[in-house]
Peer 1: 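Here's a structure for you.
Owing to the predicted nature of the structure, the values given are computational and were not obtained by experimental measurement.
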Amino acid sequence: MRLRRKPWIDEAIKEYSDFLYLELPVENKGKWKEQFAEPKHPLCVELGTGKGRFISQMAAAHPEWNFVGFERQIGVIYYAGKKVAELDPPVNNVRLVLGDISHIEELFTPGEVDRFFINFCDPWPKARHEKRRLTHRNYLKRYAALLAPEGEICFKTDNRDLFDFSVEEFKAMGWELSDVNYDLHANPIEGDVMTEYEEKFSRKGNKICRLIARRPVKTELNSSEQD
């Protein structure tokens, strides 16, 4: 659901310009780690930050990681920027980007990302829309090419149908699954951070599903390297 644009946000969001890109920074391709104070740290990318609880708290809890978060709606990413800016003590391991990831290969080079986080993405429940799901095999091929050799995806959703679909897609594409959890709050994972949507859906009684998927050994990236 697209939120009604608040007229004051265009100006207010500029307060976070030190770490928030209002346009897709294609010039950072291959140079993302250089945008951080500690470029040797692993690069984690969240595909859809929402209002930023997850990425801000993860950045605070894991100063040994660098985080990049994408969100399409300015009225949402503004609040993500606000959460990051209000962290105490401050952090310098977050960059936020206003824009979608439909052409993610134009933003990262092969092997540049260490982990993707996909939290509560649109389930696109109709079968004719399955290619729009962020865990469809067409997306998985692209993530695999951009991940480092030991790279992973951490995926969470309250939609069981989407989760089951995703499990099958990962398996079909040769990803190694671990920590497959069909009721996260009954079987909590140490260090996991609850998103805003997660809190909302769990209050309704929805079970939260989570998994880790490791990049397949054989990818299009490997094939191109051999040619």
Peer 1: Quick one: are Leu146 and Thr109 in side-chain contact, heavy atoms under 4.5 Å?
Peer 2: no

Peer 1: Phe70 versus Val45: any side-chain heavy-atom pair under 4.5 Å?
Peer 2: yes

Peer 1: By ring pair (Phe, Tyr, Trp, His ring centres under 6.0 Å), which residues pair with Phe170, not counting sequence neighbours?
Peer 2: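 Ring pair (Phe, Tyr, Trp, His ring centres under 6.0 Å) check on Phe170 returns Trp175.
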
Peer 1: Taking only Lys NZ, Arg NE, NH1 and NH2, and the carboxylate oxygens of Asp or Glu, determine whether Arg214 and Glu150 approach each other closer than 4.0 Å.
Peer 2: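 Here Arg214 pairs with Glu150 in a salt bridge, since their nearest N and O are under 4.0 Å apart.
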
Peer 1: With side chain to side chain contact (heavy atoms under 4.5 Å, CB included) as the test, would you mind laying out the steps for Tyr197 and Asn119 before giving the verdict?
Peer 2: CA-CA 9 Å; Tyr197 276 124; Asn119 295 317; over 6 Å; no

Peer 1: What's the shortest heavy-atom distance between Pro216 and Gly174, and which atoms?
Peer 2: CB-O, 3.3 Å

Peer 1: Looking at Lys141, Glu168, His136, which one forms a side chain to side chain contact (heavy atoms under 4.5 Å, CB included) with Met173?
Peer 2: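 Only match with Met173 under side chain to side chain contact (heavy atoms under 4.5 Å, CB included): Lys141.
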
Peer 1: State which residues pass salt bridge (Lys or Arg N to Asp or Glu O under 4.0 Å) with Glu196; sequence neighbours excluded, sorted by chain then number.
Peer 2: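 Partners of Glu196 under the salt bridge (Lys or Arg N to Asp or Glu O under 4.0 Å) test: Lys83.
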
Peer 1: Applying the 4.5 Å side-chain criterion to the ILVMFWY set and letting contacts propagate, would Trp124 and Tyr143 be lumped into a single cluster?
Peer 2: no

Peer 1: Would you check, one step at a time, whether the test side chain to side chain contact (heavy atoms under 4.5 Å, CB included) holds for Lys33 with Lys40?
Peer 2: CA-CA 7 Å; Lys33 293 187 178 182; Lys40 293 183 180 180; over 6 Å; no

Peer 1: CG of Asn206 to NE2 of His185: how many Å apart, nearest 0.5 Å?
Peer 2: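 Going from CG on Asn206 over to NE2 on His185, the span is 10.5 Å.
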
Peer 1: Closest heavy-atom contact between Ile9 and Gly75?
Peer 2: CD1-CA, 3.6 Å

Peer 1: If you apply the rule side chain to side chain contact (heavy atoms under 4.5 Å, CB included), what do you find for Val94 with Leu96, and how did you get there?
Peer 2: CA-CA 7 Å; Val94 179; Leu96 300 175; 3.9 Å; yes

Peer 1: Given side chains that start at C-beta, do those of Arg115 and Ile153 come closer than 4.5 Å, heavy atoms only?
Peer 2: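 No, their side chains stay 4.5 Å or more apart.
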
Peer 1: Hey, is the main chain of Ser102 close enough, under 3.5 Å, to the side chain of Arg142 for a donor-acceptor pair?
Peer 2: yes

Peer 1: Same cluster or not: are Ile212 and Leu184 linked, directly or through other Ile, Leu, Val, Met, Phe, Trp or Tyr residues, by side-chain heavy atoms under 4.5 angstrom apart?
Peer 2: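 Different clusters: Ile212 never reaches Leu184 through Ile, Leu, Val, Met, Phe, Trp or Tyr contacts under 4.5 Å.
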
Peer 1: Please tell me if the side chains of Glu71 and Leu98 come closer than 4.5 Å, counting only heavy atoms from C-beta onward.
Peer 2: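 No; the side chains remain at least 4.5 Å from each other.
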
Peer 1: Quick one: side chain to side chain donor-acceptor pair (under 3.5 Å) partners of Thr135, sequence neighbours excluded?
Peer 2: Ser166

Peer 1: Between Phe165 and Arg133, is there a cation-pi geometry (under 6.0 Å to ring centre, at most 45° from the normal)?
Peer 2: yes

Peer 1: Side chains of Cys209 and Phe155, heavy atoms from C-beta outward: is any pair under 4.5 Å?
Peer 2: no

Peer 1: Does the side chain to side chain donor-acceptor pair (under 3.5 Å) test come out yes or no for Thr157 and Asn159, once each step is laid out?
Peer 2: CA-CA 5 Å; Thr157 182; Asn159 189 298; 5.5 Å; no

Peer 1: Asp192 vs Arg210, test: side chain to side chain contact (heavy atoms under 4.5 Å, CB included). Steps then yes/no.
Peer 2: CA-CA 10 Å; Asp192 190 64; Arg210 179 185 184 272; 3.3 Å; yes

Peer 1: Can you find a heavy atom in the side chain of Leu177 that is under 4.5 Å from one in the side chain of Lys171?
Peer 2: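 Heavy-atom side-chain distance check passes, below 4.5 Å.
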
Peer 1: Under 4.5 Å between any side-chain heavy atoms of Glu46 and Phe54, yes or no?
Peer 2: yes

Peer 1: Hey, are Arg215 and Asp114 close enough for a salt bridge, meaning a charged N less than 4.0 Å from a carboxylate O?
Peer 2: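 The answer is no: the pair does not qualify as a salt bridge.
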
Peer 1: At their closest point, which heavy atom of Leu134 faces which heavy atom of Cys121, and how far apart are they?
Peer 2: CD1-CB, 3.9 Å

Peer 1: Testing the basics here: between Ile104 and Phe116, what is the closest heavy-atom pair and its distance to 0.1 Å?
Peer 2: CD1-CE2, 3.8 Å

Peer 1: Name each donor-acceptor pair under 3.5 Å that joins a side chain in residues 21-31 to protein atoms two or more places apart or in another chain, with its distance.
Peer 2:
unit_1 : atom_1 : unit_2 : atom_2 : d
Tyr21  : OH     : Asn28  : ND2    : 3.0
Lys29  : NZ     : Glu105 : O      : 3.1

Peer 1: Below 4.0 angstrom, N of the basic side chain to O of the carboxylate: do Lys207 and Asp158 qualify?
Peer 2: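 No salt bridge links Lys207 with Asp158.
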
Peer 1: Between Phe36 and Trp65, is the ring centre distance below 6.0 Å?
Peer 2: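 Ring centres of Trp65 and Phe36 not closer than 6.0 Å.
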
Peer 1: Judged by atom type as modelled, is there a donor-acceptor pair below 3.5 Å linking the side chain of Asn66 to the main-chain atoms of Cys44?
Peer 2: no

Peer 1: One pair to check against ring pair (Phe, Tyr, Trp, His ring centres under 6.0 Å): Tyr16 and Tyr78. What are the steps and the verdict?
Peer 2: CA-CA 8 Å; Tyr16 311 128; Tyr78 165 80; 5.7 Å; yes

Peer 1: Would you please name every residue forming a side chain to side chain donor-acceptor pair (under 3.5 Å) with Arg160, sequence neighbours left out?
Peer 2: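 Expected list: Asp164.
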
Peer 1: Tell me, do Asn181 and Leu211 make a side-chain contact under 4.5 Å, heavy atoms counted?
Peer 2: no

Peer 1: Would you list the atom pairs, donor with acceptor, under 3.5 Å between side chains in residues 55-64 and any protein atom, with sequence neighbours excluded?
Peer 2:
unit_1 : atom_1 : unit_2 : atom_2 : d
Ser56  : OG     : Gly52  : O      : 2.7
Ser56  : OG     : Arg53  : O      : 3.1
His62  : ND1    : Glu64  : OE2    : 3.0

Peer 1: Show the nearest heavy-atom pair for residues Pro123 and Leu162, with the distance to one decimal.
Peer 2: CA-CD2, 3.8 Å

Peer 1: Would you check if the distance from the ring center of Phe163 to the ring center of Tyr182 is below 6.0 Å?
Peer 2: yes

Peer 1: Answer yes if Met194 and Phe201 sit in the same cluster of Ile, Leu, Val, Met, Phe, Trp and Tyr residues linked by side chain heavy atoms under 4.5 Å apart, and no otherwise.
Peer 2: no

